Amino acid sequence: MLLPIWPCFHPPWSYSCSDRGEFSQEAVFIAKSTLTAALIGLVYGGVPAARFSREQYVKHNQAELYRHRIEAVRSIHNAAIRGFLRYGFRWGWRVAAFVGIFNCVSAGLSAYRNKVVVTNFAAAGAVTGGLFRLNLGLRGLIGGSAIGALLGIPAGALISGLQTLAGEDVRQHKYKEHQQLQERRIEEWAKRVALTDVVVQEIQEASQESSEKDVEKINELLELHETATPER
């Protein structure tokens with residue numbers, strides 16, 4: 001007898017990969033937001049730095065002699081590129097780290113408490129601000145945590161307001177998606193069970209037909225043997 005495998009149920013706040021190898025929405029959101037923040041920081045810090053490096057290079061190398069105009073333009077462009085990469089990288093990883101830590105803490109608290117409230121974002125801002133000011137000592141830690149908490153409150157209030165206007169919070173939306181996913185899995189499981197029953201029935205019918213044919217052949221051989229025996 002073939003036993004069907006019941007689909008594995010995961011809670012809607014699970015961060016691990018599903019049985020299909022798909023990451024949770026929280027993990028995908030954190031990865032995308034961190035990458036987006038890195039790109040924004042790269043542009044925000046790199047473009048002004050490239051412009052400033054270009055101006056400084058022109059200012060301090062006015063007496064420089066070049067063999068051709070192309071060489072001078074290339075040197076200016078190289079200086080701008082160096083400034084862009086240098087300061088863009090600094091801003092990029094800092095903004096990415098800030099956004100990544102903030103989203104990890106806020107999403108983790110929301111997943112643990114199974115609800116999205118303002119205090120989650122305030123706590124995430126406090127943790128992130130404190131970590132970024134940890135190098136300044138205890139006073140910097142306290143000050144950074146306070147500033148981060150104050151900045152996290154408006155973000156949480158904005159998200160909570162959007163949820164109120166939408167009439168459905170994130171928890172309810174995720175629960176509904178989870179229920180729909182489980183219903184699809186149950187339907188797939190039922191189809192597989194039905195298909196298994198059909199295959200088993202076909203195999204039984206085929207084996208029964210083959211056994212009947214074998215019995216008929218044996219009876220024919222016995223009849224031939226009985227008719228051939230008196231002649232001898």
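Computed from a predicted structure; not experimentally measured.
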Heavy-atom side-chain proximity of Ile101 to Leu131 below 4.5 angstrom: yes
Closest contact, heavy atoms only, Ser106 versus Ala124: N-CB, 3.7 Å
Least distance between heavy atoms, Ala80 atom then Arg54 atom: CB-CB, 4.3 Å
Minimum heavy-atom separation for Ala37 to Val95, with atom names? O-CG1, 3.5 Å
Holding to side-chain hydrogen bond (donor to acceptor under 3.5 Å, both in side chains), I want the full list of residues that pass it with Thr36, two or more places apart in sequence or in another chain. none
Taking all atoms of both residues into account, what is the closest heavy-atom pair of Gly83 and Ser53, and its distance? CA-OG, 3.4 Å
So how far is it from Glu187 CD to Glu183 CD, rounded to the nearest 0.5 Å? 7.0 Å
How long is the span from the NZ atom in Lys59 to the CZ atom in Phe52, to the nearest 0.5 Å? 8.0 Å
So, applying side chain to side chain contact (heavy atoms under 4.5 Å, CB included) with Phe102, which one of Val127, Thr34, Thr128 is it? Thr128
Do Phe98 and Leu109 share a hydrophobic cluster, counting only Ile, Leu, Val, Met, Phe, Trp and Tyr and linking them when any side-chain heavy atoms are less than 4.5 Å apart? yes
So, for Ala122 and Ile153, which heavy atoms are closest and what is the spacing to 0.1 Å? CB-CG1, 3.8 Å
Do Ser33 side-chain atoms and Ile30 backbone N/O form a donor-acceptor pair below 3.5 Å? yes
Suppose clustering is done on Ile, Leu, Val, Met, Phe, Trp and Tyr with side-chain heavy atoms closer than 4.5 Å. Which residues sit in the same group as Leu151? Ile147
Supply the members, apart from Val43, of the Ile/Leu/Val/Met/Phe/Trp/Tyr cluster built from side-chain contacts under 4.5 Å; use none for a lone residue. Leu42, Val47, Ile81, Phe84, Leu85
